[in-house]
Each structure stands twice: as C-alpha cells, then as structure tokens.
There are 2 protein chains.
Amino acid sequence: MTTTSRGRIDKRQAILEGAFAVFARQGYAQAGVQDIADAAGVAKPTVYNHMTDKATLFRNALEATARAVLNERLAALEPLADPGDDLRATLDDVAYRLLVSYTDERSCALRRLLYTEITTFPDALDLVKEHGPQRLNEALADRLARLTLAGRLRATHPDLAAEQFSSLLAGPLEARTQMGTRVIDDADLRTVARAAVRTFLRAWGPEQEG
Amino acid sequence: MTTTSRGRIDKRQAILEGAFAVFARQGYAQAGVQDIADAAGVAKPTVYNHMTDKATLFRNALEATARAVLNERLAALEPLADPGDDLRATLDDVAYRLLVSYTDERSCALRRLLYTEITTFPDALDLVKEHGPQRLNEALADRLARLTLAGRLRATHPDLAAEQFSSLLAGPLEARTQMGTRVIDDADLRTVARAAVRTFLRAWGPEQEG
DNA sequence: ACTAATTTGAACCCATGAGTTCAACGGATC
DNA sequence: GATCCGTTGAACTCATGGGTTCAAATTAGT
C-alpha cells in the first residue's frame, strides 16, 4: 500500500498469517488453498507465486508461529534473571505468565497442529526441536541453576527441576481446558500457578516450609 | 468361521479395529474407507452395512479404544488399594505402570486423534469426559485420600495431589517422546517414574525426607 | 437340498479441491 | 505515456475419495 517492494512482503506476511489461521481452524487436509487466499485477502495464484506447494505453505506458516510463540515464552522467564527478595512471588509471576502463554489461542492451535500433522509432516520435528519446549526448558534450567548457586534454591538437578516445573504448569491445564476447547478463567490461572509453585518449592525450595 | 451369528460380530470388531488402526496412521481426512476395509479384511460395502457413515465409523472406533485404554489405566492403580509397608515402592510401581500405558501405541494414537479431530468432532468431548483422564484422576484422588486418612500421606487436597502426580508423569514424557514419535527406553521409564514419585513425596509425603 | 441373509468385487456417480493457464488489470519507474 | 511486473479472477484439468448399485458368490439356518 506504500513503498516499493513492501507490497510483496506484505502479501507474503498476509499469506502466512491467513494460512496459519485457516490451518488452525480446519486442519491441513480440510483447509482449502482458496480459503487461505480469501483469509489473506489475496488471489489463489498469488499464493502459488509465493509458495510452491500447499505443503511448504504449511511448513512456513508453522515455523513463523513457532518462532513467535517461543520468544513470548522466553520473555516470560525474564523476572527470574533478577528475582527480588520474595522468590515465591517471582515464581508465581513467571508461572502465571507461562500459563497465559500456554492458553494463548495461537499457542494452542500450534500445539494441536503439530500433534495432528506430525505423522504426515515428520520433518516438522526439527521445528519442534528448534522452537519447541526443549528450548524453554534449557533456559529455565539455566535460571534455576543460578538460583541454586546463589543459595535461593536446592535444585541440585536443574534440568529435572525445570522439567517438573513445566509439567506442574502444563498438566493441570490440559485437564482443565479439554483439548483447548474450554476457555479458562484468569483467576483459575493464578490458582494453578500458585499450586504448582507451592509443590515446586516443597520439592526444590531452600528449606522446609509449613 | 464357527458358530451362528459370530460372523457378524467378528466382522464388526474387525472393522472397528481396522478403522482405528488406519485412522491412527493417516488421520480422519486422509484415511480412505477402502483402506479401512482392506485393513479389516473386508469389502467396502460391508463397512457401510455395519456403519452408516465414515463419521460414525470414526466415533465408534474412538469410543471402543478409549474404553479399553481407560480400563488399562484404572488397572494400573490397583496396587494402591493395598500398599505394602513400602509406600514409595508401591508408588514407583504404579507410576511405572501408568507410564507404560501412556507410551502405549494405541494410547498415543488415541490422544493424537482426539487432539486432531476435536475441532471437526466436537461431540467427542463427551467421550473424553466419559473415558478421559478425569476419570483416572478421580480414582487416583480416592486412593490418595484413603492413604492420607491412614496417615501414610499428607495429601490434604487429594484432587490437587492426584492432578500433580499425573502431571509429573505425563509432562516429562511429552518432552521425551516428541509427540509420540520417539520410542522410549524401559529404563528411562523407571527413571522418570522415580523422579516423579520423589518430588511427589517431598510435596505430599508423610514427613520430611533427606 | 433349499432359502434367506450377508458378503463380495467391480464398476459407477458425483463432489471436492490442488494446481495451472491466461487474458486483463494496476501501479510503480523511467 | 510506455513499460514491466506482480496481482487478479475465472475457468479449466485431473486425481482422490465418499457413497451407491448390482449381480454373483458365500454362508447360516432348517
């Protein structure tokens, strides 16, 4: 709409976003390229100008979203870099932010799509390794290791502790959101976060707690 | 092959099993009724003699499998009904059996299918409520409550404790099996089980542990 | 052996949708 | 205003697959 080659970039972006939206709603097989073109506000041949295939269109859309989601989650870990004197409060905060990310519309859709099409798109595994939960766990484990060295935690096995922290967050969500169908209350999110942090601290916290 | 109307029953069973196998491998949309018929060792019209639709065929196949999987998991909880004097060993055992069930081929496929097609089959949610993880959690919470009353645990919130027990098991699996693609070592399963039980007991166990 | 029901294979109809072609269009750039 | 390039819409081809039909074969029950 404005400068020189912005047109192409805009179109490409629009196509990727539209594609992810449609794929998320209908799944790969049921999504029509025509629908995607409509969703992107673009003609069908234009889609094929930018993407050779429906398959590569799918891959690119997935990758773009996965990258965005991972960044969002890494940002949620920020407070752990410099926790105040109240470690529990900081953990509560981080846990809550992660839960918000987990329940994010895009995030759920991405997760569902990966689960769904991992059989027909085995190479999407690389994508999971690149931008998946592993990366988050590494970052979290780093933070926990630091905190342990500083005497704020007893996370003698940071990787395990990080894994369990994530599990204590994600598990209850799965039970509560019914495959991402049901929306979850913000207050519930806080409750889940607090319960997870409480158990986490009992297991890996500095000393015994009442 | 044998008695009176066994023929019909056999065919029906074969169709359901074949259907689930094909659906699990290819997903709903990509699975051809012809493939299913072949997998069941049956002609295509025979499939339509027993099932009106591809959709109802799918639903029936899902339900049969969900029922079987739930029973298997409930059976895994049995040892908790009468734990020996070594509670940790009993929990390790139960955790291990649950992990085996979680990593079961059929179980993973069922989970993937539900995730995949929950959008196009919203009524499959009832199926999840009937035979899903909720039911397992209820049963587990009952056991934990009993154990708490008997002074073997301090699970003051049995539902929460049960939820976290399951989470500590399922979470690490998800990270390790890469969407059910990678096979997992039996020894790894034991390790995950022990780590989960250790954290669980630190949070909900009778007294502090070294 | 006779009958009724079921299964079978093959062919068929029809809807859907991927991917292509092409002539016309629009808006930059010189 | 001539040119170039990406875009557009519409129509087209072709493969796939759900669901049906039917006559022949098979099986079950008496």
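The figures that follow rest on heavy atoms only: side chains count, while hydrogens, waters and symmetry mates do not. Just so we're on the same page: letters track the sequence lines, and every chain starts at 1.
- Within the structure, the side-chain hydrogen bond (donor to acceptor under 3.5 Å, both in side chains) test picks out the following pairs touching residues 38-47 of chain A (sequence neighbours left out): A:Gln34-A:Asp38.
- Nucleotide D:dC4 holds its P atom 19 Å from the CG atom of A:Asn49, rounded to whole Å.
- Spacing between atom CD of A:Gln26 and atom C1' of C:dG17 amounts to 12 Å, rounded to whole angstrom units.
- For the pair A:Phe58 CZ and C:dG17 P, the interatomic distance rounds to 17 Å; values are reported in whole Å.
- A side-chain donor-acceptor contact under 3.5 Å links A:Lys54 to the backbone of A:Tyr28.
- Looking only at side-chain heavy atoms (C-beta outward), A:Arg12 and A:Asn60 come within less than 4.5 Å of each other.
- Side-chain contact between B:Leu62 and B:Phe23 is absent, with no heavy atoms from C-beta onward closer than 4.5 Å.
- Look at A:His50 and you won't find any side-chain N or O under 4.0 angstrom from OP1 or OP2 of D:dG6.
- Side chain of A:Ser107 to backbone of A:Thr103: no donor-acceptor contact under 3.5 angstrom is found.
- One interatomic measurement links the two molecules: CG of A:Asp38 to P of D:dT7, which rounds to 16 Å at whole-angstrom precision.
- When rounded to the nearest whole Å, the span between CG of A:Asp10 and C1' of C:dG27 equals 15 Å.
- The side chain of A:Thr46 contributes an N or O atom lying less than 4.0 Å from OP1 or OP2 of D:dT8.
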What string of B, S and - do you get for nucleotides 10-26 of chain D 5' to 3' if you count protein non-hydrogen atoms under 4.0 Å? B-------SBBB-----
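- Summary for the helix from C:dT3-D:dA28 to C:dC30-D:dG1: the axes at its two ends, each from 5 pairs, differ by 20° when rounded to the nearest 10 degrees.
- B:Trp204 has its side chain out of reach of B:Leu144: every pair of non-hydrogen atoms, C-beta onward, lies at least 4.5 Å apart.
- If you check residues 113-120 of chain B against DNA chain C, you find no residue with a heavy atom closer than 4.0 Å.
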Show me, pair by pair, the donor-acceptor contacts under 3.5 angstrom made by side chains of residues 189-200 of chain A, not counting sequence neighbours?
residue, atom, partner, partner atom, Å
A:Thr191, OG1, A:Ala187, O, 3.1
A:Thr199, OG1, B:Gln164, OE1, 2.5
A:Thr199, OG1, B:Gln164, NE2, 3.2

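- Interatomic distance, CG of B:Asp126 versus CZ of B:Phe121, reported as 13.5 Å (0.5 Å rounding).
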Please step through side-chain contact (heavy atoms from CB on, under 4.5 Å) for the pair A:Arg112 and B:Thr119, ending with a clear verdict. CA-CA 10 Å; A:Arg112 240 185 11 240; B:Thr119 318; 3.9 Å; yes
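- Among pairs with a residue in residues 89-98 of chain B, those fulfilling salt bridge (charged side-chain N to carboxylate O under 4.0 Å, His left out) read B:Asp93-B:Arg97, at least two apart in sequence or across chains.
- Classification of A:Glu63 and A:Arg67 as a salt-bridged pair holds, one side-chain N sitting under 4.0 Å from a carboxylate O.
- If you take NZ of B:Lys11 and P of C:dA5, they are 17 Å apart, rounded to a whole angstrom.
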